[in-house]
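Heads up: the structure comes next, in structure tokens.
These numbers were taken from a predicted model, which means no experiment stands behind them.
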Amino acid sequence: MAEIRLTRVEQGKTKIRNVPIAVTPEGFWCCPSPVVFQKTLKAQNSMHKPKPSSPPPPKEAAQRKQTPLSEKKLAFTPSRSASISDGLRGVGPEAPDAPVVSASIVPERMPKPKVENLPRKVAIEFGEPGTSDMKVVLLGKKGFCVKLSVHKNVLVEHSNFFADKLSEQQTGSTCLNIEDCDDVEIYVETVGLMYCKDMRQRLMKQSVSCVLRILKTSQPNLNLNGTFIQIAELLGFNSCMQSCLEYLEAVPWVGDEEEEKVVSSVLRLQSEGIGVTPVLKRVSSGISKPQKDTLSHIIGLVLASNEERGRREMKSIVLKLLKENNGASSSQGSANVCNETLYNSCRSCLNLLLSLFKQAAEPESSDKTFDNKEPVVKQIDLAADNLSWLLEILADKQAADEFAVMWASQQELAALHTKLPIVSRYYVSRITARLFVGIGRGELLPSKDTRQLLLQTWLQPLINDYNWLQHGCRSFDRKVVEEGIGRTILTLPLEDQQSIMLSWLGSFLKAGDSCPNLQRAFEVWWRRTFVRPYVEGQGSSVQSDSSLTS
């Protein structure tokens, strides 16, 4: 680690600060940011602090604190960089030829360095010491300044920006000022890359965000504020831009935020005619394969899986990703493609479930032992689980109305349901329960006829399987299901509510806990019927309304 000497003029005196500057294997400096300077000063202050001593010394000892400045001097460490007093002449308001005055002894309590007291100027030399023929001064924020000792031929060879600037200057001019540099450190690093023999090796030591900043600086004709890929862009450093793009094509992008930064930077380069296709291939495909085919293939693989753990985890992941798609702004066309794919899968699963029910309900099947029936039972459970998963996706997309119509019209399946043992069929009742929950929550809004048909076809099979659902399904939430059933019933006309409630009451009085507890819905129906007859005395108006609708 080499050191660079920094001076600052304060009240007619010059203070010397030793600030560490790293030297790269290629032989150029890595410019420290102002934060580094501040940390260095804090470290130096803590080193100079004396250890707490015992009782305070007498007055004579206190007078010894004020010693001549010449008694204590800061040692200068030789370095490859020129001192700031020599390197920044004529750049700032400081007196470059001010005599070097040694610092006084640090008092017992040294105050924290203020921002305005931090070193504001740094000199950095590239290449072989003493061979530079040009100065580039970078003026950053709050007066921070870096003076670069560089070589004209290197800058002209690698940078279109510097080549244009030097051609505009008068012959013999050896200094170039660049003002309003937001990121001085990246400018210094990018200039250093011009002296690298193996730029790719150097970039491997940088982060993705740093490389993006360099790339910005390498392109010409843009405002000199930016990020490696950005700095390289600004300076017209074409070979650096190419190395940065190769780096971005090969390195992993960690996290969505970093990926968005890379893609946005690369897309901006593409709009300016720079070839960035290899990088963008990571996020965009050149194959025009329809989304429908890809999604259908993924769903088909999940539905066909028999491995419990992998199937469970992938169902959860696909459901989560589809929910994210619902939250993002997507086109109506892509949403319709997704719904069409899901309903095609639903129809296939329904057809398979009906076929399995028929197979399990055959007379010769009843004579088989449970071990022989087990493959069919497992297939029924799998088909029912697939339908439940597809219904969950559709309900989250608020597109499950058609599923309610499909399920309510499965009278043949419901008839076969009663012929199968409960252990073979109760998983199917989860689909009915989920539909009632969805209607109760407003996730789907089927028509009155569909709701009526759904209750007429599937409520009694659900009541028959209710005890098994409570004990056989870990994800079954009794309170949620009962609330959903009750709310669905209460959406019907009052006459239909009465018919269903009286039928339920008979089942509940016989089965008790083995039957859904719909007492809340029963109370609402009771009040509507006996306590608050809203349309009492308005029968004529109701009759006229019905005649208009008929």
Side-chain angles (χ1 to χ4, degrees), residues 299 302-306 308 311-312 315 342-343 345-362 365-366 368 370 373-395 400 402-440 443-444 446 450-451 453-478 480-482 484-485 488 504 507 511 514-516:
I299 292 177
V302 175
L303 296 178
S305 173
N306 293 320
E308 184 178 354
R311 170 186 168 81
R312 182 177 64 251
K315 280 169 54 184
L342 292 170
Y343 273 113
S345 300
C346 288
R347 294 184 187 94
S348 298
C349 291
L350 271 174
N351 293 334
L352 175 62
L353 186 62
L354 180 60
S355 173
L356 292 170
F357 264 49
K358 289 178 178 179
Q359 183 179 344
E362 290 176 355
S365 177
S366 59
K368 295 181 181 178
F370 179 78
K373 292 180 181 179
E374 189 175 4
V376 177
V377 173
K378 283 186 176 181
Q379 291 180 54
I380 291 174
D381 291 349
L382 190 63
D385 186 64
N386 287 339
L387 279 169
S388 297
W389 179 58
L390 293 170
L391 173 57
E392 192 69 39
I393 296 173
L394 290 167
E402 186 179 342
F403 189 98
V405 175
M406 292 168 56
W407 190 249
S409 60
Q410 295 295 318
Q411 281 81 15
E412 185 180 5
L413 189 66
L416 291 170
H417 185 275
T418 58
K419 299 179 181 180
L420 267 63
I422 296 180
V423 67
S424 305
R425 75 191 188 201
Y426 77 96
Y427 262 85
V428 175
S429 292
R430 291 189 307 167
I431 303 169
T432 305
R434 181 63 183 89
L435 280 171
F436 287 141
V437 171
I439 295 173
E443 294 173 341
L444 57 155
T450 300
R451 299 193 304 272
L453 186 60
L454 182 65
L455 287 162
Q456 180 183 342
T457 305
W458 287 107
L459 180 58
Q460 191 58 48
L462 175 62
I463 293 174
N464 296 340
D465 296 344
Y466 203 71
N467 191 40
W468 275 78
L469 286 171
Q470 293 181 75
H471 299 93
C473 296
R474 289 178 293 179
S475 60
F476 187 80
D477 190 330
R478 174 173 183 165
V480 173
V481 172
E482 290 170 354
I485 297 172
T488 303
W504 162 81
S507 299
S514 298
C515 179

- Closest approach of K315 and V302, non-hydrogen atoms and distance? CG-CG1, 3.5 Å

- Task: Indicate yes or no: at least one non-hydrogen side-chain atom of D477 is less than 4.5 angstrom from one of V437.
- Result: no

- Query: What's the spacing between Q460 CD and L462 CG if we round to 0.5 Å?
  - Reply: 9.5 Å

- Item | Heavy-atom closest pair, residues Y426 and L469 | O-CD2, 3.3 Å

- Item | Closest contact, heavy atoms only, R478 versus C515 | NH2-O, 3.4 Å

- Task: Ignoring hydrogens and angles, state whether a donor on the side chain of H417 or D465 is under 3.5 Å from an acceptor on the partner side chain.
- Result: yes

- Item | Any donor-acceptor N/O pair, W458 side chain to W407 backbone, under 3.5 Å | yes

- Task: Could you go through the side-chain contact (heavy atoms from CB on, under 4.5 Å) check for V428 and F357 one step at a time?
- Result: CA-CA 11 Å; V428 175; F357 264 49; 3.6 Å; yes

- Heavy-atom distance under 4.5 Å between the side chains of P446 and I439, does that happen here? yes

- About how many Å separate CG of N351 and CG of L356, when rounded to the nearest 0.5 Å? 11.0 Å

- Looking at side-chain heavy atoms only, is the closest gap between L444 and L435 below 4.5 Å? yes

- Task: For the residue pair R434 and R430, establish whether any side-chain heavy-atom pair is separated by less than 4.5 Å.
- Result: no

- Item | Test item: I431 and F403 side chains (from C-beta on) under 4.5 Å apart, heavy atoms | yes

- Task: Give, for atom CG of L350 and atom CG of L387, the distance between the pair rounded to the nearest 0.5 Å.
- Result: 5.0 Å

- Between CG on residue N386 and CG on residue L391, distance to nearest 0.5 Å: 12.5 Å

- Task: Output the distance between atom CG (L354) and atom CD (Q410), rounded to the nearest 0.5 Å.
- Result: 6.5 Å

- How far apart are the closest heavy atoms of I299 and S345, and which atoms are they? CG2-OG, 3.7 Å

- Taking C-beta and beyond as the side chain, do Y427 and V377 meet within less than 4.5 Å on heavy atoms? no

- Item | Partner residues of S514 under the side chain to side chain contact (heavy atoms under 4.5 Å, CB included) criterion, sequence neighbours left out | N467, A511

- Message: Between L420 and I380, is the side-chain contact (heavy atoms from CB on, under 4.5 Å) condition met? List the steps.
- Response: CA-CA 11 Å; L420 267 63; I380 291 174; 4.0 Å; yes

- Reported CG-to-CH2 distance for the pair L342 and W389, which is rounded to 0.5 angstrom: 8.0 Å

- Task: Report the C-alpha separation of T457 and T432 in whole Å, then their side-chain angles, then the decisive distance to 0.1 Å, and conclude whether the side-chain contact (heavy atoms from CB on, under 4.5 Å) test is met.
- Result: CA-CA 10 Å; T457 305; T432 305; over 6 Å; no

- Task: Please report the shortest heavy-atom distance between A433 and V481, naming the atom on each side.
- Result: CB-CG1, 3.9 Å

- Are F436 and L454 side-chain neighbours, meaning at least one heavy-atom pair lies under 4.5 Å? yes

- Message: Test: salt bridge (Lys or Arg N to Asp or Glu O under 4.0 Å). Region: residues 347-361. Which pairs qualify, not counting sequence neighbours?
- Response: R347-E402, K358-E412

- Heavy-atom side-chain contact between Y466 and F476 under 4.5 Å: yes

- Note on the structure: Shortest non-hydrogen pair, L303 vs C349, comes out as CD1-SG, 4.2 Å

